[in-house]
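We number each residue from 1, following the sequence as shown. In listed order, ligands and their atoms are each counted from 1.
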Amino acid sequence: MQVWKDYLETNKDRFLDELLELLRIPSVSADSKYKEDVARCAEAVKQHMLAAGCDKAEVCPTAGHPIVYGEKIIDPKLPTVLVYGHYDVQPADPLELWHSGPFEPVIKDGKIYARGACDDKGQMFMHIKAFEVMNKTNTLACNVKMMIEGEEEVGSDNLGKFLEANVEKLKADIVLISDTSMISMENPSIESGLRGLAYMEVEVTGPNRDLHSGVYGGAVANPINQLCKMIASLHDENNHITIPGFYDKVLDLKAEERNDLNKAPFDLEEYKKELDVKEVWGELGYTTLERTGTRPTLDVNGIWGGYTGEGAKTVLPSKAYAKISMRLVPNQISKEISNLFSDHFKKIAPPGVTVKVTPHHGGEPVVTPTDSPAYQAAARAIKATFGKDPIPTRGGGSIPIVALFESVLGLKTVLLGFGLDNDNIHSPNEKYDVFNYYKGIETIPFFHKYFAETKA
Ligand code: BES
Ligand code: MN
Ligand code: MN
């Protein structure tokens, strides 16, 4: 639509400046040191909602970080789009690997470099700007509700409670989220599923204190050695996970579904080159796309213990720790998998050590059907602005709240993401292409328009 294009063209510099301003706020949800910044960011999001034309916008306090809610109801008879996103970001460390400050956004070669540029400030903000575009050009086709949270990166615990307490307020026809990625700008795609998550922390204790590794070494179980052995045993020679019952509920894809999935453009050589790895790794019998999109995984996220300072200290440590996450696929259940893990991990502990397992957050896997009117509206929107039909893909990441949108609010979700896999989300030098940012703002209004048509 020309009015949208014109409005975007006239305001594009401001749209970019406003995003950069938001990126300067270090809204790291995991680190309590940033609590004030997180709150300041919530306030900024609220002000942007009001400036864009929301009838009301509020910062809703929770037991953790606040949720920002805004809405504009133009006609109760029209369909309602509930936009979800998050304004919190991952910690920026390791800082020394950034080429510029994580909270001092710079634009280089058409890319915005900053923590949160893609995940999810850049993508979330596209919705506020697209709403402004529609509102200021009097072309809103749907009622709009926006719920932008501050705890996605730490598991969305309080948002679940917020949903339960606000079922009426959040009534809508669809949830729309931009917090996933596309194959490329040449090959636009829409993710039609997310993996679930079970995140565990383990503590292995050997002797009651750190020991001299000469005096005691060879005679007492070293908890770090034992932990490594236990972790190594969690995959077999085919890289299957060895936890009994782990795969019991996994739904195998039909041959046709696998076929479709593997039709997506994917260059294995390019993939390896980009990551500087000589070979990929994974479960025997599956392609890389299947491994990330449709298969469950187990990964150590961090492991520590003993002496890691400068130089050498000869010590047989008392304790060893690891953080271990499992990505889940339909129909695995986070709680069940975390119990299977705990039982198994305790069972494989050798007699010389004791093991403590603590579950962290989890989330359920979801699939978003490609034959729904909402998905079709998203596909048409992509077609309108990219000139190509989007390819349906299965994403490997997790957005735990999406399963609750369905179970608590009875709402389906459309994942209209504009990130790229190499945007370095959660890594140093996170970026988001300015082109993608504008493309998102251009595409979202078409979703509202086409979604309204499916309901007319
Ligand atoms: N936006 C990501 C999830 C994502 C990224 C989905 C790319 C698909 C493609 C989200 O912010 C995220 O990082 N989620 C966490 C889970 C959370 C419980 C910490 C994840 O996937 O690790
Ligand atoms: Mn995200
Ligand atoms: Mn994230």
Side-chain angles (χ1 to χ4, degrees), residues 22-23 27-31 41 64-65 83-92 102 114-127 147-160 175-184 189-201 264 289 291-294 296-302 323-329 334-335 337-338 359-368 392-404 413-428 430-432 436 440:
L22 210 59
L23 290 169
S27 50
V28 180
S29 51
D31 189 341
C41 194
H65 299 300
V83 173
Y84 163 80
H86 60 97
Y87 68 83
D88 67 320
V89 300
Q90 285 274 330
R115 171 57 87 232
C118 172
D119 184 14
D120 180 40
K121 281 178 183 164
Q123 295 208 65
M124 165 278 282
F125 202 58
M126 297 181 320
H127 286 272
M147 181 173 68
I148 311 298
E149 72 154 319
E151 296 191 311
E152 196 278 341
E153 300 291 9
V154 289
S156 302
D157 280 351
N158 293 300
L159 186 62
V175 177
L176 181 63
I177 305 177
S178 296
D179 194 22
T180 50
S181 40
M182 276 195 175
I183 298 171
S184 65
S189 58
I190 301 180
E191 288 190 15
S192 63
L194 293 162
R195 287 197 285 190
L197 188 71
Y199 200 113
M200 322 293 294
E201 183 161 333
L289 286 180
R291 286 169 180 168
T292 57
T294 71
T297 60
L298 182 149
D299 278 291
V300 179
N301 297 253
K323 293 187 194 271
I324 300 173
S325 69
M326 291 161 282
R327 295 281 167 176
L328 313 179
V329 299
S334 176
K335 185 90 185 77
I337 294 295
S338 105
H360 282 287
H361 52 244
E364 308 307 334
V366 285
V367 277
T368 56
T393 60
R394 288 286 194 94
S398 309
I399 308 176
I401 201 67
V402 175
L404 297 189
T413 292
V414 169
L415 300 165
L416 192 58
F418 295 87
L420 299 174
D421 278 350
N422 67 3
D423 278 340
N424 294 327
I425 64 172
H426 298 203
S427 303
E430 177 174 352
K431 59 112 173 134
Y432 192 43
N436 296 35

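Looking only at protein heavy atoms, the nearest one to atom 19 (C) of ligand 1 is Glu153 O, 3.5 Å. Nearest protein heavy-atom contact of atom 22 (O) of ligand 1 is Arg327 NH2, 2.7 Å. The closest protein non-hydrogen atom to atom 4 (C) of ligand 1 is Asp179 O, 3.6 Å.
Residues satisfying the side chain to side chain donor-acceptor pair (under 3.5 Å) test with Gln123, not counting sequence neighbours, are none. The salt bridge (charged side-chain N to carboxylate O under 4.0 Å, His left out) search around Asp31 returns Lys33, not counting sequence neighbours. In this structure, the salt bridge (charged side-chain N to carboxylate O under 4.0 Å, His left out) partners of Arg115, at least two apart in sequence or on a different chain, are Glu430.
By the 4.5 Å heavy-atom criterion applied to side chains, Ile337 and Leu328 are counted as neighbours.
Of the options Asp120, Ile190, Ile399, a side-chain contact (heavy atoms from CB on, under 4.5 Å) to Thr180 is made by Ile399 and by none of the others.
Put simply, part of Pro400 is less than 4.0 Å from ligand 1, judged by heavy atoms. Ligand 1 is approached by Ser398 to a heavy-atom distance shorter than 4.0 Å. Judged by the shortest distance from any of its heavy atoms, Ile425 lies inside the 4.0 Å radius around the atoms of ligand 1.
Once rounded to the nearest 0.5 Å, the distance linking OH of Tyr432 with CZ of Phe418 reads 6.5 Å. Here Arg327 contributes atom CZ and Thr292 contributes atom OG1; the two are 11.0 Å apart, rounded to the nearest 0.5 Å.
Within ligand 1, counting atoms from 1 as listed, the ones closer than 4.0 Å to a heavy atom of His361 are 18 (C). Close approach of ligand 1 to His86 is summarised as follows: ligand atoms under 4.0 Å from at least one heavy atom of the residue are 11 (O).
Between Asp179 and His86, the side chains place a donor N or O and an acceptor N or O closer than 3.5 Å (distance only, hydrogens not considered).
Residue Glu191 has no nitrogen or oxygen atom sitting less than 3.5 Å from a nitrogen or oxygen atom of ligand 1, judged on distance alone. Inclusion of Thr180 in the set of residues having an N or O under 3.5 Å from an N or O of ligand 1 is not warranted.
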Asp157 vs His361, side chain to side chain donor-acceptor pair (under 3.5 Å): CA-CA, chis, key distance, verdict: CA-CA 8 Å; Asp157 280 351; His361 52 244; over 6 Å; no

Could you walk me through whether Thr297 and Arg195 pass the side-chain contact (heavy atoms from CB on, under 4.5 Å) check? CA-CA 10 Å; Thr297 60; Arg195 287 197 285 190; 3.5 Å; yes

Ile401 vs Glu152, test: side-chain contact (heavy atoms from CB on, under 4.5 Å). Steps then yes/no. CA-CA 8 Å; Ile401 201 67; Glu152 196 278 341; over 6 Å; no

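The residue from Met182, Glu151, His426, Arg394 that puts a heavy atom closest to atom 13 (O) of ligand 1 is His426. Nearest residue to atom 17 (C) of ligand 1 from His360, Glu152, Arg195 is Glu152 (criterion: closest heavy atom).
Nearest heavy atoms, Ser178 versus Leu416: OG-O, 2.6 Å.
Shown are the protein N/O/S atoms under 2.8 Å from the Mn ion (ligand 2), given by residue and atom: His86 NE2, Asp119 OD1, Asp179 OD1, Asp179 OD2.
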